[in-house]
A.B. asks: 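This is the structure, below, for whatever I ask next.
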Amino acid sequence: MNADVTSLMAEAGHEQVVFVSDAEVGLRGIIAVHSTVLGSSLGGIRFWHYDTEHDALCDVLALSEAMSYKAAMAGLAQGGGKMVVRWDDPHAARSEEFLRAIGRAVDRLCGRYYAAEDVGASQRDMDGVALETRFVTGVDPARGGSGDPSPMTAFGVLCGMQAACEVAFGEADLRNRKVVVQGAGHVGAVLVDLLLDAGASVVVADVDPARAEALGVRTIAPDAVFDEDCDVIAPCALGGVLTAERATWLRARVVCGAANNQLADAAADDALAARGIVYAPDFVVNAGGIINIAHEHDPEGYTAARAREQTARIEGTTRELLLEALRSGVPPGRLAVVM
Ligand code: NAD
């Protein structure tokens with residue numbers, strides 16, 4: 001097992017992987033620190049069902065690597081990290097003791113890893129983790145934190161989408177664009193509102209139908225997302241949704257969403273580009289959340305206005321990247337990693 005882990009770590013240059021267990025509260029998790037070259041590693045805690053420990057390990061390695069790229073592209077003095085916690089029942093509540101155990105595990109890394117929210121987590125979880133460590137972000141604003149990063153993530157995705165539409169259709173305006181949002185969670189729900197405000201027509205799908213229906217727009221079945229005739233698909237659920245095979249029949253002209261690691265592999269990046277589908281790389285457009293929590297370290301304290309101003313720059317970064325991808329012939333996913 002050890003040789004396997006270190007080989008996997010070496011592939012993408014991970015600095016450290018920590019397996020976490022607390023039998024008393026049933027905690028099983030993994031923290032991956034991809035890079036601290038630019039600063040402490042920062043990344044969310046994902047609560048998710050994994051069939052095997054190997055699946056959890058592969059996920060935390062890929063997610064923490066993407067966080068390094070995201071921080072670098074957003075111009076932050078931060079590296080990439082992530083924690084995954086094996087969590088089988090999405091409806092079960094987490095006890096204070098469970099969250100404290102996570103906090104102690106994070107604290108033992110002495111600031112090499114700063115925790116934040118990710119899939120399955122909420123601000124309440126961060127507040128619980130903060131009972132045992134100061135190396136956690138996104139806690140209650142009443143306690144000096146920046147709160148839930150998801151609204152800023154959604155705003156950044158909107159900025160990236162405008163740039164992607166400008167490249168694909170010649171205009172950034174989202175009025176009358178039809179957008180399919182996959183996932184009506186923390187980010188997806190806010191993105192739907194922002195898109196409606198921008199005049200887009202929006203369709204949403206979620207494996208939890210109640211979440212999709214609560215948004216008051218047309219809903220479709222989760223397995224119909226990629227068949228839907230539309231201008232833009234916004235993946236805001238889980239990664240791996242863009243495969244080379246799917247790229248051959250996708251109907252959207254733009255893919256731009258919050259989900260981490262959307263490309264199943266590099267072949268999908270090539271296949272999308274070959275069909276002239278504009279893929280706005282996930283770690284470029286979903287950086288609003290990490291920008292928001294990084295502003296907690298501002299010497300003058302966190303302000304939403306400064307975080308929003310920096311997040312708005314995602315539009316320019318995305319435009320520049322997509323135009324360079326067209327000019328150079330290098331698909332945007334690969335180009336973003338190079339940059
Ligand atoms: P969330 O857990 O709040 O929401 C995810 C939603 O997707 C849930 O409602 C879930 O039911 C739904 N879902 C899962 N599988 C689905 C499927 N196959 N089809 C349709 N819906 C499905 O998570 P979130 O915080 O909104 O994050 C969404 C994505 O964005 C994740 O990939 C996350 O890593 C990424 N992301 C989030 C942030 C943030 O600030 N929250 C920042 C950067 C990236």
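We're numbering straight along the sequence, starting at 1. Order of appearance sets the numbers: ligands from 1, and atoms from 1 within every ligand.
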A.B. asks: May I ask which of Asp208, Val119, Thr153 has a heavy atom nearer to atom 42 (C) of ligand 1 than the others do?
C.D. replies: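 Considering heavy atoms of Asp208, Val119, Thr153, the nearest to atom 42 (C) of ligand 1 sits in Thr153.
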A.B. asks: Minimum distance, heavy atoms only, to atom 32 (O) of ligand 1: which one of Gly239, Ala237, Ala258, Gly185 is it?
C.D. replies: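 Nearest option to atom 32 (O) of ligand 1, by heavy atoms: Ala237.
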A.B. asks: Is it true that atom CZ of Arg143 has more than 12 heavy atoms of other residues, nucleotides or ligands lying nearer than 6.0 Å?
C.D. replies: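 Counting other residues, nucleotides and ligands, CZ of Arg143 exceeds 12 neighbours.
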A.B. asks: In this structure, would Phe19 and Trp48 fall into the same cluster of hydrophobic residues linked by side-chain contacts under 4.5 Å?
C.D. replies: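 Phe19 clusters together with Trp48.
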A.B. asks: In ligand 1, which numbered atoms sit nearer than 4.0 Å to a non-hydrogen atom of Asp118?
C.D. replies: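 Near Asp118, meaning under 4.0 Å from one of its heavy atoms, ligand 1 has 33 (C), 34 (O).
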A.B. asks: Answer with side chain, backbone, both or neither: which part of Lys70 has a heavy atom less than 4.0 angstrom from an atom of ligand 1?
C.D. replies: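 Under 4.0 Å from ligand 1, Lys70 contributes side-chain atoms alone.
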A.B. asks: Decide whether an N or O pair under 3.5 Å exists between Asp206 and ligand 1.
C.D. replies: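 The answer is yes, given that Asp206 and ligand 1 share an N or O pair closer than 3.5 Å.
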A.B. asks: What atoms of ligand 1 come within less than 4.0 Å of a heavy atom belonging to Ala205?
C.D. replies: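 With Ala205 as reference, the close atoms of ligand 1 come out as 20 (C), 21 (N).
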A.B. asks: To which of Asn261, Val207, Asp282 does the heavy atom nearest atom 14 (C) of ligand 1 belong?
C.D. replies: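 Result: the heavy atom closest to atom 14 (C) of ligand 1 is in Val207.
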A.B. asks: Within the 4.0 Å heavy-atom shell around Gly120, which atoms of ligand 1 are there?
C.D. replies: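 In order of numbering, the contacting atoms are 2 (O).
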A.B. asks: If we only count heavy atoms from C-beta on, is the Val85 to Leu27 side-chain gap below 4.5 Å?
C.D. replies: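 In short, these two side chains touch, coming nearer than 4.5 Å.
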A.B. asks: Any non-hydrogen side-chain atom of Glu309 less than 4.5 Å from a side-chain atom of Thr303?
C.D. replies: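 SC-SC contact between Glu309 and Thr303 ruled out.
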A.B. asks: Between ligand 1 and Val187, is the shortest N or O to N or O distance under 3.5 Å?
C.D. replies: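 Looking only at distances, the answer is yes, because the N/O contact criterion of under 3.5 Å is met.
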A.B. asks: Going by heavy atoms in the side chains, are Ile31 and Val20 under 4.5 Å from each other?
C.D. replies: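 Touching, per the 4.5 Å side-chain cut-off.
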A.B. asks: Determine, for Arg28 against Glu53, whether the closest basic-nitrogen to carboxylate-oxygen distance falls under 4.0 angstrom.
C.D. replies: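 No.
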A.B. asks: May I ask you to list the atoms of ligand 1 that are less than 4.0 angstrom from any heavy atom of Arg46?
C.D. replies: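 Listed by number with element: 32 (O), 33 (C), 34 (O).
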A.B. asks: So which protein heavy atom does atom 3 (O) of ligand 1 come closest to, and at what separation?
C.D. replies: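 I find the closest protein heavy atom is His186 ND1, 2.6 Å.
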A.B. asks: With heavy-atom distances below 4.0 Å as the criterion, list the atoms of ligand 1 near Ser150.
C.D. replies: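 The atoms of ligand 1 under 4.0 Å from a heavy atom of Ser150 are 39 (C), 40 (O), 41 (N).
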A.B. asks: Can you confirm, on distance only, whether ligand 1 has an N/O atom lying under 3.5 Å from any N/O atom belonging to Trp48?
C.D. replies: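 In this structure, Trp48 places no N or O atom under 3.5 Å from an N or O of ligand 1.
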A.B. asks: Between the main-chain N or O of Ala237 and the side-chain N or O of Gln182, is there a donor-acceptor pair closer than 3.5 Å?
C.D. replies: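 A pair under 3.5 Å: no.
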A.B. asks: Does Met152 have a non-hydrogen atom less than 4.0 Å from ligand 1?
C.D. replies: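 False for this residue.
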A.B. asks: Has ligand 1 got any nitrogen or oxygen that is less than 3.5 angstrom from a nitrogen or oxygen of Gly188?
C.D. replies: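 No, Gly188 has no N/O under 3.5 Å of an N/O on ligand 1.
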A.B. asks: Taking side chain as C-beta onward, heavy atoms only, is Asn292 less than 4.5 Å from Phe155?
C.D. replies: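 They are not in contact (no side-chain heavy atoms under 4.5 Å apart), so the answer is no.
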A.B. asks: Which residue in the set Tyr114, Tyr302, Phe135 passes ring-ring contact (aromatic ring centres under 6.0 Å, His included) when paired with His297?
C.D. replies: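 Going through the options one by one, the only one that passes is Tyr114.
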A.B. asks: By number and element, which atoms of ligand 1 are closer than 4.0 Å to a non-hydrogen atom of Gln182?
C.D. replies: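 With Gln182 as reference, the close atoms of ligand 1 come out as 19 (N), 20 (C).
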A.B. asks: So which heavy atom in the protein is nearest atom 28 (C) of ligand 1, and how far is it from that ligand atom?
C.D. replies: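 In this structure, atom 28 (C) of ligand 1 has Cys236 O, 3.2 Å as its nearest protein heavy atom.
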A.B. asks: For the pair Cys230 and Val203, evaluate side chain to side chain contact (heavy atoms under 4.5 Å, CB included) and give the outcome as yes or no after the intermediate values.
C.D. replies: CA-CA 9 Å; Cys230 62; Val203 174; over 6 Å; no
A.B. asks: Is it the case that the side chain of Thr317 and the backbone of Arg313 share a donor-acceptor pair, with hydrogens and angles ignored and the cut-off at 3.5 Å?
C.D. replies: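 Confirmed, Thr317 side chain pairs with Arg313 backbone.
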A.B. asks: Please confirm whether Arg211 approaches ligand 1 to less than 4.0 Å, judged on its heavy atoms.
C.D. replies: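 Yes.
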